[in-house]
2 protein chains.
Amino acid sequence: MGFKFETVKANRISQNIVEQIRSAILEGELKIGDQLPSEKDFARHFGVSKSSLREAYRVLEAYGLLEIRQGMSGGAFVKKVDLATIKDSFVNYLFFQNPGIREYTQIRTFIEPQVVKICAEKITDQDLEFLEDNILAMEHEPDGEAFMSDLDIAFHKKLVEIAGNKIISLIVESVQTALINIKQIVHTDRQFLTAVCDSHTKIVNALRDRDPEKASQAMIEHINEVEKGMLASKGGIMIITENGLLKKEQGSQ
Amino acid sequence: MGFKFETVKANRISQNIVEQIRSAILEGELKIGDQLPSEKDFARHFGVSKSSLREAYRVLEAYGLLEIRQGMSGGAFVKKVDLATIKDSFVNYLFFQNPGIREYTQIRTFIEPQVVKICAEKITDQDLEFLEDNILAMEHEPDGEAFMSDLDIAFHKKLVEIAGNKIISLIVESVQTALINIKQIVHTDRQFLTAVCDSHTKIVNALRDRDPEKASQAMIEHINEVEKGMLASKGGIMIITENGLLKKEQGSQ
DNA sequence: AATATTAAAACATCCGATCATTTAATATTT
DNA sequence: AAATATTAAATGATCGGATGTTTTAATATT
């Protein structure tokens with residue numbers, strides 16, 4: 001009989017409670033802001049010890065589904081899972097998968113050129129202003145010290161926001177976060193920064209013209225350019241070391 | 001002074017420990033399979049109570065970073081975060097974002113057509129055989145009872161695996177899982193199933209010819225077709241209700 | 001009315017006891 | 001000697017209660 005039985009893990013009390021509460025949330029019984037009973041009351045309700053219930057609350061908090069507050073009108077409250085939670089999850093997962101820079105670039109080239117195509121049709125003058133300001137800020141970044149990444153992230157984040165697809169926003173931001181957190185590569189040399197500003201400008205120009213194809217092309221070139229910069233140590237790449245310091249790695253030239 | 005201070009949440013002991021251990025893993029100090037000290041020992045080492053350390057272990061387990069086993073040679077072991085963990089995270093997050101079907105389709109049309117382009121260049125005869133078997137199995141699915149989704153998921157999963165980008169695999173599978181778990185739409189009518197088999201066949205044929213453009217086109221048509229099927233209740237869509245039963249929702253015609 | 005104090009609710013932490021599970025070591029049987 | 005059964009030890013799981021800390025509501029004071 002070609003049957004496979006999976007090992008049944010002993011039901012842990014806390015896990016059982018976690019699943020019950022998570023289901024209640026995902027099925028709409030519990031709404032954002034709803035308060036769950038206090039540890040003492042809920043433990044009694046489930047007929048378990050306080051510690052077991054506490055562990056369940058901790059796990060649900062780790063999932064981002066609960067917020068737990070101390071104090072008089074404190075307690076456990078249902079919370080909208082925030083982006084940071086899933087970003088962390090992304091980082092945790094991809095850390096072990098350890099994809100190459102090439103894989104990060106590839107997913108970006110799959111998504112972002114198409115994102116700007118949509119942007120070209122939906123973008124408002126206000127959005128354009130935001131993007132222009134972003135580029136200006138990047139151009140005036142002081143050398144070395146500052147990290148381009150914050151402004152760069154903001155630029156791409158704005159674009160996916162304009163495109164208006166919540167799933168795509170999630171993905172683009174998560175991929176970017178994982179890239180930075182895991183590969184820990186941050187460019188700081190002026191030459192590279194200028195190149196980024198230039199390609200950002202090209203993208204914005206295409207968007208101002210409401211030209212989807214031109215915007216898409218500019219984005220493709222931009223991503224490939226950035227990849228090249230990331231792969232080549234030549235020119236100087238700053239790597240964040242374990243103890244938080246910066247190390248300049250010289251290319252083999 | 002245009003400064004914004006974020007509220008500092010009181011450092012919880014368990015959270016502090018969680019961060020320390022997570023950092024140790026993400027910085028490579030702890031490797032997969034490494035065993036952490038027993039609750040008793042580690043609690044003493046940190047100078048905290050056993051319960052605080054237990055809560056930290058629970059959270060890390062929730063992150064998918066630890067596996068905790070009971071028994072004589074049990075304990076806490078560093079584990080590779082598995083796909084299920086991040087899929088759950090995806091579901092939790094997207095449940096609250098609640099994107100429309102359209103958004104799910106859009107991200108698929110951004111990624112999967114390009115995935116099959118790559119497949120067309122890398123696919124092996126063995127892969128083709130797998131995909132053909134998958135289609136055959138789907139064609140022979142009994143009516144009603146069976147869910148197309150398992151085989152459908154397997155089909156698309158195989159494709160992204162062939163493409164060989166771990167990030168894209170993660171994304172495609174997570175999006176699919178979220179779609180099924182949150183929108184809870186599963187097609188069971190024979191007509192729809194046949195249509196899916198047909199478009200899958202078209203894709204495989206294009207892949208057998210190693211024709212990227214044809215494969216991409218077939219995939220685009222397939223995704224749009226599926227979307228149409230999902231949006232139109234006409235023809236019968238099965239919806240899993242809260243209590244696990246199936247409800248047939250008739251379209252407004 | 002503003003401020004300071006007090007009280008209460010709820011989580012945070014700690015402790016230690018007991019139960020359950022798993023595996024290693026040992027004893028027994030064949 | 002090998003297979004099997006028993007026992008023991010390590011470790012997590014659960015429990016319950018004691019105490020500390022934080023936050024807010026209620027009260028008292030100025």
Side-chain angles (χ1 to χ4, degrees), chain A residues 5-22 24-25 30 32-79 85, chain B residues 5-22 24-25 30 32-79 85:
Chain A
F5 293 99
E6 297 192 6
T7 53
V8 179
K9 59 182 172 196
N11 265 337
R12 220 155 18 185
I13 287 180
S14 60
Q15 195 53 35
N16 185 311
I17 295 174
V18 165
E19 277 155 22
Q20 285 193 51
I21 297 177
R22 178 170 183 253
I25 294 173
L30 289 171
I32 296 174
D34 281 359
Q35 178 170 16
L36 275 62
S38 72
E39 291 178 353
K40 206 181 62 156
D41 291 351
F42 220 10
R44 188 143 27 117
H45 174 272
F46 279 114
V48 303
S49 80
K50 209 186 41 179
S51 354
S52 294
L53 189 106
R54 264 182 75 79
E55 287 184 12
Y57 273 6
R58 272 288 156 282
V59 170
L60 287 162
E61 190 186 39
Y63 288 166
L65 291 168
L66 290 187
E67 180 189 349
I68 294 167
R69 292 200 298 268
Q70 218 182 151
M72 182 150 183
S73 4
F77 300 84
V78 178
K79 203 194 75 176
T85 304
Chain B
F5 294 98
E6 298 192 6
T7 53
V8 179
K9 59 182 170 196
N11 264 338
R12 218 150 26 180
I13 286 179
S14 60
Q15 196 54 34
N16 184 312
I17 295 174
V18 165
E19 278 155 21
Q20 285 194 50
I21 297 178
R22 178 170 182 253
I25 294 173
L30 289 170
I32 296 174
D34 280 359
Q35 179 170 14
L36 275 63
S38 72
E39 290 179 353
K40 207 181 58 155
D41 291 351
F42 220 10
R44 187 144 27 119
H45 173 273
F46 279 114
V48 303
S49 80
K50 213 182 44 177
S51 354
S52 294
L53 189 107
R54 265 182 75 78
E55 287 184 12
Y57 273 6
R58 273 286 155 285
V59 170
L60 287 161
E61 190 187 40
Y63 288 166
L65 291 169
L66 290 187
E67 180 188 351
I68 294 166
R69 292 199 300 267
Q70 217 179 153
M72 182 148 181
S73 0
F77 300 85
V78 178
K79 203 193 75 176
T85 304

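In the text below, chain A, chain B and the rest are named by the order of the sequence lines, each starting its count at 1.
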Colleague: So which nucleotide from C/dC14, C/dT23, C/dA9 ends up closest to the side chain of A/M72?
Modeller: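 Among the listed nucleotides, the one closest to the side chain of A/M72 is C/dA9.
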
Colleague: Taking CZ from B/R54 and C1' from D/dC15, how many angstroms apart are they, rounded to a whole number?
Modeller: 11 Å

Colleague: Taking any strand in view, what nucleotide pairs with C/dT3 in a Watson-Crick or G-U wobble way, both distances under 3.5 Å?
Modeller: D/dA28

Colleague: Hey, which of these two, B/G74 or A/R69, hits DNA chain D nearer its 5' end, going by closest nucleotide?
Modeller: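 Here B/G74 is the residue nearer the 5' end.
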
Colleague: Give the minimum heavy-atom separation between A/G64 and A/K79, together with the two atoms involved.
Modeller: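 A/G64 and A/K79 have their closest heavy atoms at O-CE, 3.4 Å.
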
Colleague: With sugar-phosphate meaning primed atoms plus P, OP1 and OP2, does B/R58 contact a base, only sugar-phosphate, or nothing at under 4.0 Å between heavy atoms?
Modeller: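 It contacts sugar-phosphate atoms only.
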
Colleague: Would you indicate, yes or no, if D/dA13 has its OP1 or OP2 atom less than 4.0 angstrom from a side-chain nitrogen or oxygen of A/S49?
Modeller: no

Colleague: Is a donor from one side chain sitting under 3.5 angstrom from an acceptor on the other, for A/Q15 and A/N11?
Modeller: no

Colleague: Can you tell me the distance, in whole Å, between the CZ atom of B/R12 and the C1' atom of C/dT13?
Modeller: 12 Å

Colleague: Output the rounded distance in Å from NZ (B/K40) to P (C/dA17).
Modeller: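 Checked: the NZ to P distance equals 13 Å.
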
Colleague: Rounded to whole Å, please give me the gap between CD in A/Q70 and P in D/dG20.
Modeller: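 After rounding, the reported distance stands at 14 Å.
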
Colleague: Taking CD from B/E39 and C1' from C/dG16, how many angstroms apart are they, rounded to a whole number?
Modeller: 14 Å

Colleague: Toward the 5' end of DNA chain C, which comes first, A/G71 or A/K50, by nearest nucleotide?
Modeller: A/G71

Colleague: From CG of B/N11 over to C1' of C/dT13, roughly how many Å is that when rounded to an integer?
Modeller: 14 Å

Colleague: Within the structure shown, what part of the strands sits under 4.0 Å from A/S73 by heavy-atom distance: base, sugar-phosphate, or nothing?
Modeller: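 The answer is sugar-phosphate, as A/S73 gets under 4.0 Å only of primed atoms, P, OP1 or OP2.
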
Colleague: Does A/E67 reach the main-chain N or O of A/G75 with its side chain, forming a donor-acceptor pair under 3.5 Å?
Modeller: no

Colleague: If you measure from the Lys or Arg side-chain nitrogens to the Asp or Glu carboxylate oxygens, is any gap between B/R54 and B/E39 under 4.0 Å?
Modeller: yes

Colleague: Tell me whether A/R12 is salt-bridged to B/E61, with the criterion being a basic N under 4.0 Å from an acidic carboxylate O.
Modeller: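 Salt bridge flag = yes for B/E61 with A/R12.
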
Colleague: In whole Å, I'd like the distance from the CG atom of B/N16 to the C1' atom of C/dT13.
Modeller: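 Distance check: B/N16 CG to C/dT13 C1' gives 14 Å.
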
Colleague: Could you state the CD1-P distance from B/I13 to C/dC15, rounded to the nearest angstrom?
Modeller: 10 Å

Colleague: Name the nucleic acid region contacted by A/S52, choosing base, sugar-phosphate or nothing; use a 4.0 angstrom heavy-atom cut-off, strictly under.
Modeller: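 Sugar-phosphate contact only - A/S52 comes under 4.0 Å of backbone atoms but never of a base.
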
